[in-house]
Amino acid sequence: MLSGAPMIDIWIEKYRPKSLDEISGQAEIVEKLKAFVRAREIPHLIFAGPAGTGKTSAALALAAELFGEDWKMSFLELNASNERGIDVIREQVKDFARIRPSNSLGFKIIFMDEADQLTSEAQAALRRTMEMYSETTRFIFSCNYSSQIIPPIQSRTVVLRFRPLSKEDVVKRLKYIAEQEKVDLSDDSAEAIYEASEGDMRKALNIFQAVASSGNTSPSRIFEMVGKTSRKEYEKLLRISLEGLFEDARNELDRMLIQQGMSGIDIIRGLHSAVRSSQIEPRKKAEVIMALGEAEFRIVEGGSDNIQLDALIARLSYIGGRLS
Ligand SMILES: Nc1ncnc2c1ncn2[C@@H]1O[C@H](COP(=O)(O)OP(=O)(O)OP(=O)(O)O)[C@@H](O)[C@H]1O
Ligand SMILES: [Mg+2]
């Protein structure tokens, strides 16, 4: 028997949705795609939205549901940023489009990933190719911003906007995978992964797999891994600053700045969102927000992180009434 390293499943591929029903969130889009499947016809489409929200997955699932088992014969995936120029892309499109569709629907799908990487000239050239083969091909353009797609293409397509996934959707998917993989995942950890992922499911699954394989899925391990400070840490920094515990607050800040490599602006933003959702009395809250605004402005204008953050903590001590 041949020996070798054990195969490691990459979760983002292992748990790529295989059907439209398996796609988390994006409910309106999934409904529309299902309607296309029922009608056995699709328009040209633009899938616009942030990374890791299901654009490629939705295109693959759509093709599988439309064309059935042999869907790969009717689906061509091209990456606008990888290929060597628009002429190569047009040749590939032509070669693929020339062959009659082998399915009963009479068309094939060309999925153009990162379409917003194409220059407007390249897009214009592509549009002419698109027109030439419009009877037997449908294009799906994937991009982050549909505004980067030239108007003549936009006007011939239906734009579907993918959104960052909600906390509920990410946590649910993580719990499902935890169950399948028999890995412990507490509610706090699932939420920590969501927070770090910012609604990007690819990022969420990658973080989860990394901490799971390290054998420690605690929230602190998660934040350590992604170098991110959790809401609880900001709440603590805010609280001890308001309590006038200057040295403690300074130590906490150094930890964030040095060990976690955060910038002064990162910390001010984190404090801002912590104070916005905190229960402190309205007058103090307003004063804290004014102090944060001032510190942010000074740093942006070139003030040093170190001095401005020190000054900020000193200000918070006054606001907290611990210094007078
Ligand atoms: N809506 C979703 N439901 C379930 N899993 C998802 C979803 N979105 C992303 N994923 C997971 O993340 C992986 C990457 O997603 P996908 O390739 O569809 O993202 P994308 O939107 O095309 O991102 P990019 O803009 O980077 O191309 C998938 O294989 C899947 O594991
Ligand atoms: Mg993609």
Side-chain angles (χ1 to χ4, degrees), residues 7-34 36-37 42 44-66 71-72 75-83 89 109-118 138-149 157-181 183 185 190-191 193-213 222 226:
M7 274 283 289
I8 299 170
D9 289 320
I10 306 293
W11 289 357
I12 53 168
E13 285 312 325
K14 186 171 176 185
Y15 294 101
R16 189 189 276 285
K18 307 235 169 357
S19 64
L20 292 171
D21 271 329
E22 236 190 289
I23 292 173
S24 309
Q26 323 300 5
E28 281 173 35
I29 292 175
V30 168
E31 275 320 303
K32 286 200 177 112
L33 298 182
K34 283 184 175 173
F36 295 148
V37 172
I42 69 167
H44 297 302
L45 295 164
I46 294 178
F47 288 178
T53 52
K55 300 182 298 296
T56 300
S57 304
L60 296 172
L62 174 68
E65 295 198 10
L66 275 171
W71 66 272
K72 283 183 183 151
F75 189 85
L76 176 69
E77 182 172 355
L78 295 173
N79 191 308
S81 66
N82 279 348
E83 313 296 340
I89 292 177
I109 294 177
I110 296 177
F111 181 66
M112 179 67 62
D113 213 353
E114 299 194 48
D116 44 359
Q117 299 295 312
L118 292 172
R138 303 290 178 275
F139 277 75
I140 302 179
F141 298 94
S142 179
C143 59
N144 295 129
Y145 303 102
S146 64
S147 57
Q148 302 295 315
I149 304 293
T157 53
V158 172
V159 182
L160 300 181
R161 290 180 202 288
F162 287 66
R163 314 250 171 247
L165 292 152
S166 69
K167 178 157 126 187
E168 211 185 5
D169 290 328
V170 173
V171 167
K172 194 169 159 204
R173 189 77 175 156
L174 290 172
K175 291 265 174 190
Y176 167 76
I177 294 172
E179 208 180 288
Q180 297 292 311
E181 299 289 330
V183 174
L185 183 72
E191 283 188 25
I193 294 175
Y194 163 73
E195 234 181 88
S197 78
E198 295 164 324
D200 173 340
M201 191 74 100
R202 179 192 292 115
K203 206 163 163 187
L205 301 198
N206 280 335
I207 295 168
F208 184 25
Q209 184 162 21
V211 291
S213 66
I222 291 159
V226 295

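When a ligand or atom number is given, it counts from 1 through the structure's own listing order. Since the model is a prediction, treat every value here as computed from it, not as a measurement.
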So, for [X] and [Y], which heavy atoms are closest and what is the spacing to 0.1 Å?
X	Y	answer
D116	Y145	OD2-N, 3.6 Å
T53	G199	CG2-O, 3.9 Å
S197	K203	O-CD, 4.0 Å
L165	S24	CD2-O, 3.3 Å
A80	M112	CB-SD, 4.1 Å

Exercise. Do any N or O atoms from the side chain of Q26 and from the backbone of R163 form a donor-acceptor pair under 3.5 angstrom?
Worked result: yes
N or O contact, [X] vs ligand 1, cut-off under 3.5 Å:
X	result
E13	no
K55	yes
I23	no
N144	no
T56	yes

Problem set entry | N, O or S of S142 under 2.8 Å from the Mg ion (ligand 2) | no
Can you report which non-hydrogen protein atom sits closest to [atom], along with the distance?
atom	answer
atom 11 (C) of ligand 1	M201 CG, 3.7 Å
atom 1 (N) of ligand 1	S24 O, 2.9 Å
atom 23 (O) of ligand 1	G52 N, 2.9 Å

Exercise. Does E28 reach the side chain of E31, with side-chain heavy atoms less than 4.5 Å apart?
Worked result: no
For this session: Answer yes or no: is there a side-chain heavy-atom contact under 4.5 Å between L62 and I140?
Result: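 A side-chain contact exists here, since the closest heavy-atom pair is under 4.5 Å.
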For this session: Would you tell me whether Y15 and E181 have side-chain atoms, one donor and one acceptor, within less than 3.5 Å of each other?
Result: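 Yes, a side-chain donor-acceptor pair sits under 3.5 Å.
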Exercise. Counting heavy atoms only, which of R202, Q26, K203 is nearest atom 26 (O) of ligand 1?
Worked result: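 Going through R202, Q26, K203 one by one, R202 has the nearest heavy atom to atom 26 (O) of ligand 1.
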Problem set entry | Basic-acidic side-chain contact under 4.0 Å: E22, R173 | yes
Please list, in number order, the atoms of ligand 1 under 4.0 Å from a heavy atom of [X].
X	result
S57	15 (O), 16 (P), 18 (O), 28 (C)
L205	31 (O)
I12	28 (C), 29 (O), 30 (C), 31 (O)

Exercise. Where on P17 is there a heavy atom closer than 4.0 Å to ligand 1, on the side chain, on the backbone, on both, or on neither?
Worked result: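 Under 4.0 Å from ligand 1, P17 contributes side-chain atoms alone.
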Exercise. Just heavy atoms, cut-off under 4.0 Å: does D169 contact ligand 1 by side chain, backbone, both, or neither?
Worked result: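 No part of D169 is near ligand 1 at this cut-off.
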